[in-house]
Participant: 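Before we start, here is the structure in question, set down as structure tokens.
Counting starts at 1 for both ligands and their atoms, following the listed order. Heads up: numbering here begins at 1 and tracks the sequence.
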Amino acid sequence: MLLHINEPGQAAPQVAKVPAIGIDLGTTHTVVAVARGGQVTVLTDADGRRLLPSVVNIDGIEHASTKRRMGSGEVLPVQAASMILAKVKHMASVTLAQDITQAVITVPAYFDDTARQATKDAAALAGLDVLRLINEPTAAALAYGLDAAAEGIYVIVDLGGGTFDVSVLNMQKGVFQVIATGGDTQLGGDDVDQALYDAFLAAAHYEQTLTHMERQRLQMLVREAKEKLSTQDGADVFIALQERDCAHRFMRDDLDRLLNPILRRCLAICEQVLTDAKVERPQIAEVVLVGGATRMPAFQAAITQFFGRQPLCTLNPDEVVAMGAAYQAAALTGDGDSLLLDVTPLSLGIETMGGLNEKIIHRNSPIPCMKQQVFTTYQDGQTALLVHVVQGE
Ligand code: ADP
Ligand code: MG
């Protein structure tokens, strides 16, 4: 803690502070924001982009969605994340005209210690000092100022490019605890793109195999059409393929029909997470939408119907996580309030005889934390024992 002591009547010295940034290191997009004087700004790169593709090029090979393998022990995800973070650090330093070295980075609520440590390692490699890692759903809640709202249960629903996550948070005295989290790491906007891609080729009766370039181009076109259909009734896709030109106009209804199976999977996960959290729908104070794909009207309608209430979606769903991280970064550097407590995301325990996990520190315990428990040896006269510490539920 740093204290400024002033003579009576003297103004506090003005120290030019270097801001700390908030980073949403997403599976498909990375977003950076900074909060100063209570105002949050999403930073843009040299091309004016607010969402940076989470794609890196290593030795001429493009790698995307490496976040899914964070903490797997593989080097690539850490390397990829550090390259993205180095780029972000540079971009923020240029935009803010100051050498930015400190950040709050968000991670999915389900990340275990290994994946969290891998994220910190990536930041260290990029020359960034991680003030704190916070959970993505918590960051979204902070962006909406829910830490200052009524105490209670908040549900954060996040449909990104490749992943779907639902988290139930319990907020007490401004502190969020994750009481349940669930999802599918293979469910997101990409699945919608794939469905549109297949539907396009079927509608055009195109049977020839597409080249790699054609596939990439069509993937981009159907994705654009999908995004347009969130605000328009129809969207045209036209592509000149090897054999012939193909065109098709998608209507919002077509998209909604293709979305049905995807929405069913999303709602089944919502149902499961509420069951895990032992929460009934009327107990929920607010539902928050996160992730670019939640812009789809059919998704919003399905969520509204399922929870029986309008979700919060006034902030940009692909920016709210970075915004919340930025508020937290500001609070940690003394520019703002709402400091969060850290909690253990998963229980820690030791393995006992018969392969059972005896939980000692339960998930969501505020850290640092200390617990004691007495165990007996398995055999009389035993002089040694092996302690196997395990993490998880
Ligand atoms: P992640 O957190 O996985 O990095 P994002 O939150 O950035 O991902 O979400 C990316 C997904 O959101 C993509 O599938 C993208 O096509 C989709 N998306 C973005 N804008 C829209 C929109 N207007 N309508 C529908 N989907 C959108
Ligand atoms: Mg995300």
Side-chain angles (χ1 to χ4, degrees), residues 22-33 42 49-56 63-70 77 80-81 84-85 88 105-111 119 133-143 156-167 181 183-197 216 218-235 237 250 252 254-256 258-259 262-263 266 288-303 313 315-325:
I23 306 173
D24 170 12
L25 190 58
T27 312
T28 36
H29 294 126
T30 294
V31 188
V32 198
V42 173
R49 292 183 298 183
R50 296 157 77 87
L51 310 183
L52 316 172
S54 298
V55 177
V56 294
H63 298 274
S65 301
T66 50
K67 180 182 176 181
R68 289 203 179 121
R69 305 201 298 278
M70 200 60 133
I84 296 165
L85 290 171
V88 158
I105 302 177
T106 59
V107 290
Y110 60 81
F111 259 26
T119 307
L133 292 181
I134 62 173
N135 290 321
E136 289 166 8
T138 306
L142 285 178
I156 319 294
V157 179
D158 181 348
L159 188 65
T163 57
F164 180 59
D165 297 304
V166 180
S167 306
T181 183
D184 189 332
T185 54
Q186 308 289 339
L187 176 62
D190 297 348
D191 296 278
V192 184
D193 300 352
Q194 187 59 47
L196 281 173
Y197 180 102
Q216 280 194 327
L218 184 55
Q219 267 157 7
M220 201 190 79
L221 290 170
V222 293
R223 180 174 170 163
E224 283 172 5
K226 170 193 73 176
E227 294 180 1
K228 278 188 195 147
L229 286 171
S230 289
T231 48
Q232 294 171 197
D233 290 334
V237 177
F250 283 109
R252 171 85 63 82
D254 302 326
L255 175 64
D256 290 355
L258 294 172
L259 270 174
I262 292 167
L263 296 179
C266 291
V288 178
L289 295 190
V290 180
T294 62
R295 286 211 179 85
M296 294 185 295
F299 182 84
Q300 296 190 359
I303 290 294
C313 56
L315 298 174
N316 269 347
D318 27 32
E319 296 176 353
V320 333
V321 170
M323 290 168 70

Participant: What I'd like to find out is whether the side chain of Val290 reaches to under 4.5 Å of the side chain of Val157, using heavy atoms alone.
Facilitator: no

Participant: Would you compute the distance between atom CD1 of Ile303 and atom OG1 of Thr294 and round it to the nearest 0.5 angstrom?
Facilitator: 9.0 Å

Participant: Suppose we measure from atom 10 (C) of ligand 1 to each protein heavy atom; which comes out shortest, and what is that distance?
Facilitator: Gly161 N, 3.5 Å

Participant: Checking side-chain contact (heavy atoms from CB on, under 4.5 Å) against Thr119, which of Ile105, Ile23, Thr106 comes through?
Facilitator: Ile105

Participant: Below 4.0 angstrom from a heavy atom of Gly189, which ligand 1 atoms are there? Numbered from 1 as shown, please.
Facilitator: 14 (O)

Participant: How close does the nearest protein non-hydrogen atom get to atom 24 (N) of ligand 1, and which residue and atom is it?
Facilitator: Ser230 OG, 2.6 Å

Participant: Hey, which atoms in ligand 1 end up nearer than 4.0 Å to a heavy atom of Gly291?
Facilitator: 6 (O)

Participant: For Gly26, take its heavy atoms, then give the atoms of ligand 1 lying under 4.0 Å from any of them.
Facilitator: 4 (O)

Participant: Check whether any side-chain heavy atom of Pro137 sits under 4.5 Å from a side-chain heavy atom of Thr181, and report yes or no.
Facilitator: no

Participant: Measure the distance from atom 20 (N) of ligand 1 to every protein heavy atom, then report the residue, atom name and distance (to 0.1 Å) of the closest one.
Facilitator: Arg295 NH1, 3.2 Å

Participant: I want to confirm something. Looking only at heavy atoms, which of Arg223, Lys226, His29, Glu136 is nearest to atom 14 (O) of ligand 1?
Facilitator: Lys226

Participant: Do me a favour and list the nearest non-hydrogen protein atom to atom 12 (O) of ligand 1 with residue, atom name and distance?
Facilitator: Ala293 N, 3.0 Å

Participant: Among all protein heavy atoms, pick the one closest to atom 8 (O) of ligand 1 and tell me residue, atom and distance.
Facilitator: Thr28 OG1, 2.9 Å

Participant: Quick check for you: to the nearest 0.5 Å, what is the distance between Arg252 atom CZ and Gln232 atom CD?
Facilitator: 9.0 Å

Participant: Taking only heavy atoms of Met296 into account, list the atoms of ligand 1 that are under 4.0 Å away from them.
Facilitator: 25 (C)

Participant: Does any N or O in the side chain of Arg68 come within less than 3.5 Å of the main-chain N or O of Thr27, such that one atom is a donor and the other an acceptor?
Facilitator: no

Participant: Quick check for you: to the nearest 0.5 Å, what is the distance between Leu187 atom CG and Ile262 atom CD1?
Facilitator: 7.0 Å

Participant: Distance to 0.1 Å, residue and atom name: give those for the protein heavy atom nearest to atom 6 (O) of ligand 1.
Facilitator: Gly292 N, 2.9 Å

Participant: Quick test: of every protein heavy atom, which one is nearest to atom 19 (C) of ligand 1, and how far off is it to 0.1 Å?
Facilitator: Glu227 OE2, 3.5 Å

Participant: Any carboxylate oxygen within less than 4.0 angstrom of a Lys/Arg side-chain nitrogen, looking at Glu227 and Arg223?
Facilitator: yes

Participant: Please write down residue, atom name and distance for the protein heavy atom closest to atom 2 (O) of ligand 1.
Facilitator: Gly160 CA, 4.3 Å

Participant: Is the closest basic N to carboxylate O distance between Arg295 and Glu319 below 4.0 Å?
Facilitator: no

